[in-house]
Q: 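Encoded as structure tokens, here's the structure I'll be asking about.
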Amino acid sequence: MGGNQSLPKITAQDRAILDLKLQRDKLRQYQKKIQVVLDREHAIAKAHLVVGEKDRAVIALRRRKYQQSLLMKTDAQLENLEQLVSTIEFSLVEVSVLHGLKQGNEVLKEIHKEMNVESVEKLLEETHEAREYQREIGEMLSNNLTLDEEDAVQAELRELQAHALDLENPPIVELPTVPTSEPVVKAPAREEPVPHSDAPEGKVLIAA
């Protein structure tokens with residue numbers, strides 16, 4: 001009798017919920033892994049500034065900002081899709097949800113490519129191939145960042161420059177001047193002797 005029971009039908013909404021959960025889990029994994037890349041790009045930008053290569057520092061910071069924005073936008077998109085999926089009138093938004101899920105998968109693939117540590121190290125290398133890669137990345141990022149993101153990059157650049165300047169010119173601590181003359185040592189004051197009387201204590205001498 002149990003074999004005749006029909007299995008519950010999996011709806012398009014069920015599949016969308018499952019796909020969303022998989023994308024959200026994958027995004028969480030990528031957020032943890034890409035932090036290593038973000039930290040390395042920050043260090044590379046500092047290294048370029050130390051030797052006066054501001055343009056190359058900007059490329060590293062732009063790439064870092066692009067990756068951060070990619071994560072934030074994907075997170076916001078998935079949150080929006082979750083709200084659409086949970087709606088009662090799912091059939092009315094099904095096309096939008098499926099399109100959003102497709103875009104989400106494509107963005108996750110893009111994020112996965114950005115986690116390549118070897119490509120990050122190319123930002124620091126001096127070979128012709130590395131220089132060409134840096135030029136291509138710089139051109140691509142300059143067209144993909146918004147004005148607000150570019151402002152954030154420039155603000156971070158100024159902060160790193162100020163920090164590098166502080167390292168080059170540490171604050172001067174004024175020390176007390178060393179005396180050139182010998183210190184004068186005052187001799188202790190001599191105590192004057194107290195005069196003693198020949199008369200015994202308690203007796204008064206009377207003149208004869």
Side-chain angles (χ1 to χ4, degrees), residues 20 23-83 100-177:
L20 269 175
Q23 286 192 16
R24 175 73 63 150
D25 291 345
K26 187 172 290 187
L27 179 63
R28 293 287 176 263
Q29 295 173 6
Y30 288 174
Q31 284 173 330
K32 293 178 181 178
K33 291 181 179 180
I34 206 170
Q35 188 59 48
V36 178
V37 174
L38 297 175
D39 292 343
R40 182 58 183 149
E41 286 164 344
H42 189 262
I44 288 174
K46 290 173 64 175
H48 284 318
L49 281 177
V50 168
V51 296
E53 295 185 335
K54 177 183 173 181
D55 292 343
R56 297 177 71 185
V58 169
I59 293 175
L61 292 179
R62 280 177 177 165
R63 175 170 175 166
R64 186 170 184 267
K65 175 56 64 177
Y66 169 73
Q67 292 161 342
Q68 289 174 325
S69 299
L70 205 58
L71 290 172
M72 291 177 60
K73 290 174 183 175
T74 306
D75 193 27
Q77 180 184 358
L78 291 180
E79 186 176 347
N80 182 51
L81 287 176
E82 283 180 344
Q83 294 175 357
L101 287 171
K102 182 180 178 182
Q103 285 184 322
N105 278 321
E106 292 173 354
V107 174
L108 285 172
K109 291 177 182 177
E110 182 68 22
I111 295 175
H112 185 264
K113 287 194 301 183
E114 293 294 330
M115 293 192 303
N116 187 348
V117 180
E118 293 180 359
S119 64
V120 178
E121 294 301 325
K122 285 185 179 180
L123 298 177
L124 197 59
E125 295 175 2
E126 300 290 345
T127 63
H128 174 74
E129 179 186 356
R131 287 283 190 171
E132 186 64 22
Y133 172 78
Q134 293 164 21
R135 185 187 63 79
E136 292 175 0
I137 288 292
E139 291 178 356
M140 184 270 290
L141 293 177
S142 63
N143 296 324
N144 282 333
L145 295 182
T146 65
L147 290 177
D148 288 340
E149 290 168 348
E150 181 61 29
D151 288 344
V153 167
Q154 295 301 324
E156 188 173 6
L157 177 67
R158 289 191 295 270
E159 183 180 340
L160 287 179
Q161 286 175 319
H163 180 68
L165 194 61
D166 289 341
L167 292 179
E168 291 178 3
N169 303 303
I172 299 174
V173 179
E174 293 189 4
L175 299 175
T177 57

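Note that this is a predicted model, so its numbers are computed, not measured.
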Q: How long is the span from the CG atom in D25 to the OH atom in Y30, to the nearest 0.5 Å?
A: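 So the CG of D25 and the OH of Y30 are separated by 11.5 Å.
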Q: Distance from D75 atom CG to Q23 atom CD, nearest 0.5 Å?
A: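 D75 CG to Q23 CD: 12.0 Å, rounded to 0.5 Å.
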Q: To the nearest 0.5 Å, tell me how far L145 CG sits from K65 NZ.
A: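 If I round to the nearest 0.5 Å, the distance is 9.0 Å.
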Q: In this structure, are over 12 heavy atoms from other groups packed under 6.0 Å from E136 atom CD?
A: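 Check passes, neighbour count above 12.
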Q: How many angstroms lie between CG in L157 and CZ in R62, if you round to the nearest 0.5 Å?
A: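 Answer rounded to 0.5 Å: 9.5 Å.
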Q: Report yes if some heavy atom in the side chain of E132 is under 4.5 Å from a heavy atom in the side chain of R135; otherwise report no.
A: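 Result yes, sub-4.5 Å side-chain heavy-atom pair found.
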Q: List the steps, then state whether side-chain contact (heavy atoms from CB on, under 4.5 Å) holds for V153 with E156.
A: CA-CA 5 Å; V153 167; E156 188 173 6; 5.8 Å; no
Q: Partners of M72 by side-chain contact (heavy atoms from CB on, under 4.5 Å), sequence neighbours excluded?
A: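 M72 satisfies side-chain contact (heavy atoms from CB on, under 4.5 Å) with no residue once adjacent residues are dropped.
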Q: In a table with atom names and distances, give each donor-acceptor pair under 3.5 Å that connects a side chain of residues 37-50 to protein atoms at least two apart or in another chain.
A:
residue : atom : partner : partner atom : Å
D39     : OD1  : Q35     : NE2          : 2.9
R40     : NE   : E121    : OE2          : 2.8
R40     : NH2  : E121    : OE1          : 3.2
E41     : OE2  : R63     : NE           : 3.1
E41     : OE2  : Q67     : NE2          : 3.2
H48     : ND1  : E53     : OE1          : 3.3
H48     : NE2  : L123    : O            : 2.8

Q: Side chain to side chain donor-acceptor pair (under 3.5 Å), that's the test. Do R28 and Q31 meet it? Break it down for me.
A: CA-CA 5 Å; R28 293 287 176 263; Q31 284 173 330; 3.1 Å; yes
Q: Heavy atoms only: give me the nearest E149-S69 pair and the separation to one decimal.
A: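 Between these two residues, the closest heavy atoms are OE2-OG, 2.8 Å.
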Q: Identify the heavy atoms of Q134 and I59 that sit nearest to each other, and give their distance.
A: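 Of all heavy-atom pairs spanning Q134 and I59, the closest is O-CD1, 3.5 Å.
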Q: Identify the two heavy atoms, one from L71 and one from I34, that lie closest to each other, and give their separation to 0.1 Å.
A: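 So the minimum-distance heavy-atom pair works out to CD1-CG2, 3.4 Å.
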